[in-house]
Colleague: 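Have a look at this one before I ask anything.
Just so we're clear, the structure is a prediction, and the values are computed from it rather than from any experiment. Excluded from the calculations below are hydrogen atoms, water molecules and symmetry mates; all remaining heavy atoms, backbone and side chain alike, are included.
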Amino acid sequence: MPSTALAGIRVLDLSRILAAPLATQTLADLGAEVIKIERPGVGDDSRTYGPPFLTDRGGEPTDTAAFFLACNRNKKSVTVNHATAEGQELIRALAACSDVVVENFRAGTLVKYGLDQESLRALNPRLVYLSVTGFGQTGPYASRPGYDGIFQAMSGMMSVSGHPEEPMKVGISMIDILTGLYASTAILAALRHRDATGEGQFIDLSLLDCGLATLSHFAMNYLVSGEVPRRRANGGYGGIPSQAFQCEDKPIFVVAGNDKQFAAFCAAVDHGELLQDPRFATTAARITHRDEIVPVLEEILRTRTRDEWLAAFDAHDVPAGPINELPEVFADPQVQHREMLLEVEDPVSGQLSLLANPIRLSATPVEDYAPPPSLGEHTAEVLGRLAGVTEDQLAELRARGVV
């Protein structure tokens, strides 16, 4: 039995920045061998997306940004210049013995290098080839560039986020992250099909498509009702309450998703009279009278401290949580119990803190966390093992800027 879920799967990663590298990091965490191709002397663009930068053992900043560290652990870095004929041949040799290729070049870019899906799948019909682009391989916008914020704007995500008077971007690169999850799921599905039929396939993934798909029930509410969703700041669209409230000292987030939970909420805050008000007696009534009940709840919750309310809600089984800053997140006993923060040995910094993969598999757990590689760290090993490049040939290729 393999010790990891994806033992024996080899992924050729031609991607950079965030969405696609997150997908290949997930595959690497699950045990796939991920070979990251980077430009000689330059590397993935995100290596320079700082500050902050990783510091060495002496406390001096290196040239590796924290951004890069977030999505490239458990990978092998190989430098190859894909713009050279010899570099293209090396990549083709690696693709011929890989199970998956992932790239996020603009639509059509890799055709001129002979590294597009048709060319590589002709060499290796079992290959699963995933392309992540802003707008997909087809359509009037296919050739456009784009970044996460643009897709948050275009997909409608910003239109349902923020205060009523101002649409707002989600703080993190949410569409990149969600696209990475869609990408890893799509690859696993295609590998399942490949194992059953012997045939690989092409996966066309668009950040705009993924952004729109993640609107989920917001989109369905609009499609069913024809009503454009209102922005409600930190308020939700489910039961009432379902939002952030300011307590006497700090903010809190509370949700009462059904009538039973609202009754428990009323007991916790010692305001049982709210249940007798027909405007607030049912979930539907509370949603209809949202603008009337929310100010009442705001006034109640300002009367005690956050920790006092958290204790009261916990005692009455009401879903609630503190709005934590990151130091509080990593100090939280539940986060610590789940070991979501890891310390790994790193040859540059000595010790490197990483977020753990949240997937918990009972038979093939994610246990290995190799630090993100230095630029070209595995070039000699990988090209020697998989492309038959000798030490003398490697030295000559390096002298010509191919690797």
Colleague: What about Phe280 and Phe262, are their ring centers closer than 6.0 Å?
Modeller: no
Colleague: Please check if the side chain of Thr303 supplies one atom and the backbone of Glu299 the other of a donor-acceptor pair under 3.5 Å.
Modeller: no
Colleague: Enter the distance from Gln201:CD to Arg194:CZ here, rounded to the nearest 0.5 Å.
Modeller: 11.0 Å
Colleague: Starting from the C-alpha separation in whole Å, work towards a yes-or-no answer on ring pair (Phe, Tyr, Trp, His ring centres under 6.0 Å) for His82 and Phe105.
Modeller: CA-CA 12 Å; His82 70 269; Phe105 287 81; 5.3 Å; yes
Colleague: Are Glu298 and Arg302 ion-paired here, with the side-chain N under 4.0 Å from a carboxylate O?
Modeller: no
Colleague: Start with the C-alpha gap between Asp63 and Arg47, add the side-chain angles, then the distance that decides, and say whether salt bridge (charged side-chain N to carboxylate O under 4.0 Å, His left out) holds.
Modeller: CA-CA 7 Å; Asp63 57 0; Arg47 284 185 180 272; over 6 Å; no
Colleague: Whether the side chain of Trp309 engages the backbone of Ile252 through a donor-acceptor N/O pair (distance < 3.5 Å, no angle test) should be reported.
Modeller: no
Colleague: Would you call Arg286-Asp259 a salt bridge at under 4.0 Å N-O?
Modeller: yes
Colleague: With a 3.5 Å cut-off and no angle check, do the side chains of Asp29 and Gln25 form a donor-acceptor pair?
Modeller: no
Colleague: Please determine if Arg10 and Glu33 form a salt bridge, counting it only when a charged side-chain N lies under 4.0 Å from a carboxylate O.
Modeller: yes
Colleague: Walk me through whether Leu127 and Val100 qualify under side-chain contact (heavy atoms from CB on, under 4.5 Å).
Modeller: CA-CA 6 Å; Leu127 191 66; Val100 179; 5.6 Å; no
Colleague: Suppose we call two aromatic rings close when their centres sit under 6.0 Å apart. Are Phe68 and Tyr49 close by that rule?
Modeller: no
Colleague: Would you say the side-chain atoms of Asp56 and Thr62 include a donor-acceptor pair closer than 3.5 Å?
Modeller: no
Colleague: With salt bridge (Lys or Arg N to Asp or Glu O under 4.0 Å) as the rule and sequence neighbours excluded, what pairs involving residues 210-225 come up?
Modeller: none
Colleague: I'd like to know whether Phe135 forms a side-chain contact (heavy atoms from CB on, under 4.5 Å) with Phe151, so could you lay out the CA-CA distance, the side-chain angles of the two residues, the decisive distance to 0.1 Å, and finally the verdict.
Modeller: CA-CA 9 Å; Phe135 298 96; Phe151 302 115; 3.5 Å; yes
Colleague: If we ignore angles and hydrogens, is there a donor and acceptor under 3.5 Å between the side chains of Thr24 and Asp13?
Modeller: yes
Colleague: Does atom CG of Asp317 have more than 12 heavy-atom neighbours from other groups under 6.0 Å away?
Modeller: no
Colleague: Could you measure the distance from the CD1 atom of Ile37 to the CD1 atom of Ile35? Nearest 0.5 Å is fine.
Modeller: 6.5 Å
Colleague: Assess, by modelled atom type and distance only, whether the side chains of Asn81 and Arg39 contain a donor and an acceptor separated by less than 3.5 Å.
Modeller: no
Colleague: In Å, rounded to the nearest 0.5 Å, how long is the span from CE of Met158 to CE of Met154?
Modeller: 12.5 Å
Colleague: Are Asp307 and Thr305 close enough that a side-chain donor and a side-chain acceptor fall under 3.5 Å?
Modeller: no
Colleague: Could you verify whether a donor N or O on one side chain and an acceptor N or O on the other, from Ser77 and Glu38, lie under 3.5 Å apart?
Modeller: yes
Colleague: Working to the nearest 0.5 Å, report the span between CD1 of Ile240 and OG1 of Thr282.
Modeller: 11.5 Å
Colleague: Step through the shown structure and confirm whether more than 12 heavy atoms of other residues, nucleotides or ligands are within 6.0 Å of CD on Gln351.
Modeller: yes
Colleague: Would you call the rings of Phe202 and Tyr129 parallel, tilted or perpendicular, taking 30° and 60° as the class edges?
Modeller: tilted
Colleague: Consider only side-chain N and O atoms of Gln117 and Ser131, and report whether a donor and an acceptor are under 3.5 Å apart.
Modeller: no
Colleague: Are a donor atom and an acceptor atom from the side chains of Arg106 and Thr109 found within less than 3.5 Å of each other?
Modeller: no
Colleague: Return yes if a side-chain donor-acceptor contact under 3.5 Å exists between Thr4 and Thr364, otherwise no.
Modeller: no
Colleague: Under 3.5 Å, is there a donor-acceptor pair between the Ser349 and Asp346 side chains?
Modeller: yes
Colleague: When you look at Arg73 and Asn357, which way does the side-chain contact (heavy atoms from CB on, under 4.5 Å) test go after all the steps?
Modeller: CA-CA 11 Å; Arg73 65 173 174 244; Asn357 191 306; 3.9 Å; yes
Colleague: Walk me through whether Glu328 and Arg306 qualify under salt bridge (charged side-chain N to carboxylate O under 4.0 Å, His left out).
Modeller: CA-CA 14 Å; Glu328 296 172 294; Arg306 180 186 73 176; 3.6 Å; yes
Colleague: Scan residues 113-133 for pairs that pass salt bridge (Lys or Arg N to Asp or Glu O under 4.0 Å), counting only residues two or more places apart or in two chains.
Modeller: none
Colleague: Under a 4.0 Å threshold between the charged nitrogen and the carboxylate oxygen, would Arg232 count as salt-bridged to Glu165?
Modeller: no
Colleague: Ser206 side chain to Gly134 main-chain N or O, any donor-acceptor pair under 3.5 Å?
Modeller: yes
